[in-house]
Participant: 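Take a look at the following structure, please.
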Amino acid sequence: MKMQNLYRQIIMEHYKRPRNKGLLEDDRYVTEHIRNPSCGDDVTIQTLLADGVVKDIRHEGSGCSICCSSASVLSEVLKDKPLESALEVSRQYKGMLTGEDFDADLLEDAIAYQGVQDFPARIKCASIAWQAFESTVKAGDDDE
Amino acid sequence: MDVRRDFPVLDKEDLAYLDTAATSLTPRRVLHRMDEYYVNYSANVHRGVYRLSHEATRLYEDARRAVAGFVNADADEIVFTRGASSALNLVAKAYEPEIGPGDEILISELEHHSNLLPWQQLAKRTGATLTYIPLTEEGRITVQALKSVLTRQTKLVAITHVSNVMGYETPVRELSALAHEKGATVIVDAAQSAPHMPLDVRRIDCDFLAFSSHKMLGPTGVGALYGKRRHLERLEPVEYGGDMVEETGLHDATWQKPPLKFETGTPPIAEVIGFGEAVRYLEELGLEAVREHEKQLAEYTLSQLDAMEGITVYNPTTDSGIVTFNIDGVHPHDVVTVLDQEGVSLRAGHHCAQLVMAFLNQTATLRASFYVYNDHSDVDRLVRGLQKARDFFAGFEEGLR
Ligand SMILES: Cc1ncc(COP(=O)(O)O)c(C=O)c1O
């Protein structure tokens with residue numbers, strides 16, 4: 001297994017220079033915090049949903065490059081997408097990590113994580129930011 | 001120490017296994033003993049009077065004698081448990097009726113969660129005060145530090161013998177003597193010491209001592225609690241059922257003598273027998289020799305890491321075969337993935353010791369831990385892997401400039 005297939009340049013770039021990082025004190029955002037107790041990865045995602053569209057995503061956390069970068073990539077890929085499309089991307093992304101069929105065109109930069117499927121011990125690292133995102137929009141449902 | 005051939009995993013995999021502090025590999029001899037149980041005399045213990053059951057009981061109690069001898073205890077002072085965690089929980093539960101508001105329980109930030117949470121919860125349930133023995137700047141528990149917090153109210157002192165992250169050895173004998181002066185009971189977590197050094201509970205004079213089979217070449221699912229006879233006789237059982245009862249009436253019952261009083265239900269019989277074989281194997285190697293072997297490997301590792309740029313070691317004065325460190329600027333998870341590709345198995349994370357991580361001001365670290373089957377070539381392989389990991393991730397930094 002080639003290390004370069006897991007650690008793509010774009011992943012390391014988002015790790016070192018994360019986009020949309022830092023949480024906001026804004027009630028309109030729904031916040032979800034996920035911790036992986038077995039390894040200490042820790043991610044918080046904030047989503048601003050308006051008119052059925054993901055208007056903004058913020059993130060904060062600590063952990064490995066796969067985990068932290070995926071929060072940053074997610075924030076870029078999903079921003080300004082209608083909620084339905086965002087959730088579809090999330091579904092395809094999960095399918096990719098677990099080695100199922102997936103629609104590569106939908107994934108945009110998140111395709112960089114394709115190599116994770118060959119490193120089963122790291123699937124969790126690549127998943128938790130996306131899990132947290134899904135919870136923010138589901139938590140949002142509950143409020144309504 | 002030339003024992004690699006005794007370990008089937010190392011036959012199958014070309015591996016530098018450096019995660020014994022999490023769990024050790026199992027030698028063929030131990031596996032063979034456990035097979036024998038299922039093949040030759042697979043019957044319950046302490047029950048049947050037929051030949052098979054008698055034989056199973058004999059081997060089970062032989063194992064108890066072996067484990068007792070290993071720490072210089074008497075056989076009836078050894079309770080088999082599911083492991084160190086369940087042994088420590090047993091003591092915490094058994095002491096609950098004797099602890100109340102105003103009492104103090106002393107522990108330290110050096111503890112594994114298994115010797116922290118049982119006491120934290122005991123304090124919460126009983127209203128007792130949980131106090132932390134202050135660590136030295138280096139992160140050690142000293143006699144002086146215990147003196148500074150020990151009072152007449154101190155009922156329990158629960159401390160690690162060897163830290164699973166820092167590798168420091170706690171002066172448990174001196175600490176026990178001091179705690180006993182104030183009438184406190186001393187519980188020692190020996191999960192990381194029993195596998196690696198000669199242990200003598202009479203000499204330490206602790207009241208309880210807990211350890212796990214799977215960290216000392218035995219199978220998972222079993223461990224031991226040593227307890228002074230008078231405590232085991234006085235304390236009430238924490239679980240009730242078959243085997244532990246002497247006479248059952250409609251509304252009350254009487255208990256067997258210790259240790260059976262604390263061993264209800266069918267135990268993991270094959271595993272106990274395997275545990276017994278593991279300690280015999282270790283005794284044949286000699287625990288002084290085991291300790292010396294690991295110390296040499298740790299010292300060699302420290303000198304190699306010291307010569308490398310961009311490595312921070314957190315326990316350069318380790319007393320054992322545990323070395324804890326990080327590659328600067330690279331998350332330990334990312335490092336172990338590279339090492340795994342190089343056939344080096346290493347632990348990354350908080351090692352079930354989040355208070356130690358807080359003390360080190362880290363969220364996670366790498367940890368190499370050595371045992372009888374490791375040698376200098378494993379360390380060389382680790383160092384080559386670390387160089388590779390460091391250079392690999394530094395390469396991305398170049399790309400970002
Ligand atoms: C110092 C220490 N105490 C307790 C334990 C718990 O042992 P077990 O998981 O076998 O119950 C461990 C093992 O991780 C340990 O290192």
Side-chain angles (χ1 to χ4, degrees), chain A residues 1-19 21 33-44 59-73 76 97 109 112-129 131-132, chain B residues 19 22-23 112-114 116-117 165 324 326-367 384-401:
Chain A
M1 230 71 70
K2 284 270 246 222
M3 276 299 123
Q4 285 79 359
N5 293 346
L6 177 62
Y7 293 105
R8 311 283 299 278
Q9 185 71 33
I10 185 167
I11 291 180
M12 297 312 286
E13 202 180 296
H14 276 269
Y15 180 48
K16 293 290 173 186
R17 295 186 189 148
R19 327 289 148 77
K21 187 161 174 164
H33 176 205
I34 296 194
R35 209 179 342 217
N36 179 359
S38 69
C39 67
D41 280 351
D42 185 311
V43 181
T44 303
H59 64 96
E60 187 57 79
S62 64
C64 65
S65 61
I66 303 293
C67 171
C68 292
S69 67
S70 68
S72 172
V73 168
E76 285 208 325
L97 295 185
D109 280 352
Y113 294 85
Q114 191 171 3
V116 175
Q117 58 175 257
D118 295 324
F119 296 83
R122 305 302 295 276
I123 292 174
K124 181 111 196 181
C125 309
S127 309
I128 65 175
Q131 250 174 358
Chain B
D19 197 17
T23 196
H112 185 280
H113 293 164
S114 293
L116 171 68
L117 300 177
V165 179
T324 295
N326 266 328
I327 298 185
D328 302 338
V330 186
H331 194 277
H333 276 166
D334 294 321
V335 178
V336 288
T337 295
V338 175
L339 291 175
D340 193 24
Q341 297 292 301
E342 303 294 311
V344 181
S345 307
L346 208 68
R347 180 76 179 272
H350 56 55
H351 318 292
C352 297
Q354 287 176 341
L355 298 187
V356 183
M357 290 298 110
F359 175 82
L360 294 175
N361 212 0
Q362 300 295 317
T363 53
T365 70
L366 297 164
R367 176 186 69 188
R384 277 197 305 275
L386 289 171
Q387 280 162 347
K388 196 161 182 175
R390 186 194 54 190
D391 296 346
F392 177 71
F393 290 107
F396 291 107
E397 302 277 341
E398 292 296 313
L400 288 174
R401 268 195 205 113

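Values in this document were obtained by computation on a predicted structure and should not be read as measured data. Convention: sequence-line order gives letters A, B, ...; per-chain numbering from 1.
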Participant: When rounded to the nearest 0.5 angstrom, what distance separates CZ in B:F393 from NZ in A:K16?
Facilitator: 9.5 Å
Participant: Heavy-atom distance under 4.5 Å to chain B: side chain of A:S62, backbone, both or neither?
Facilitator: side chain
Participant: Looking at residues at least two apart in the chain, or sitting in another chain, which of them share a side-chain hydrogen bond (donor to acceptor under 3.5 Å, both in side chains) with B:H113?
Facilitator: none
Participant: Does any backbone or side-chain atom of A:D42 lie under 4.5 Å from a heavy atom of chain B? Answer side chain, backbone, both or neither.
Facilitator: neither
Participant: Non-hydrogen atoms of chain B under 4.5 Å away: do they reach the side chain of A:L6, the backbone, both or neither?
Facilitator: side chain
Participant: Count the heavy atoms belonging to other residues, nucleotides or ligands that lie under 6.0 Å from CZ of A:R35, then report whether that count exceeds 12.
Facilitator: no
Participant: So which atom in A:Y7 and which in B:F396 form the shortest heavy-atom distance, rounded to 0.1 Å?
Facilitator: O-CZ, 3.0 Å
Participant: Can you tell me if A:K21 has over 12 outside heavy atoms packed within less than 6.0 Å of its NZ?
Facilitator: yes
Participant: Please output the residues of residues 327-335 of chain B in contact with chain A, using a heavy-atom cutoff of under 4.5 Å, in numerical order.
Facilitator: B:G329, B:H331, B:H333, B:D334
Participant: Please name all residues satisfying side-chain hydrogen bond (donor to acceptor under 3.5 Å, both in side chains) with B:T337, sequence neighbours left out, ordered by chain then number.
Facilitator: A:R122
Participant: I'd like to check the salt bridge (charged side-chain N to carboxylate O under 4.0 Å, His left out) partners of B:R384; sequence neighbours left out, ordered by chain and number.
Facilitator: none
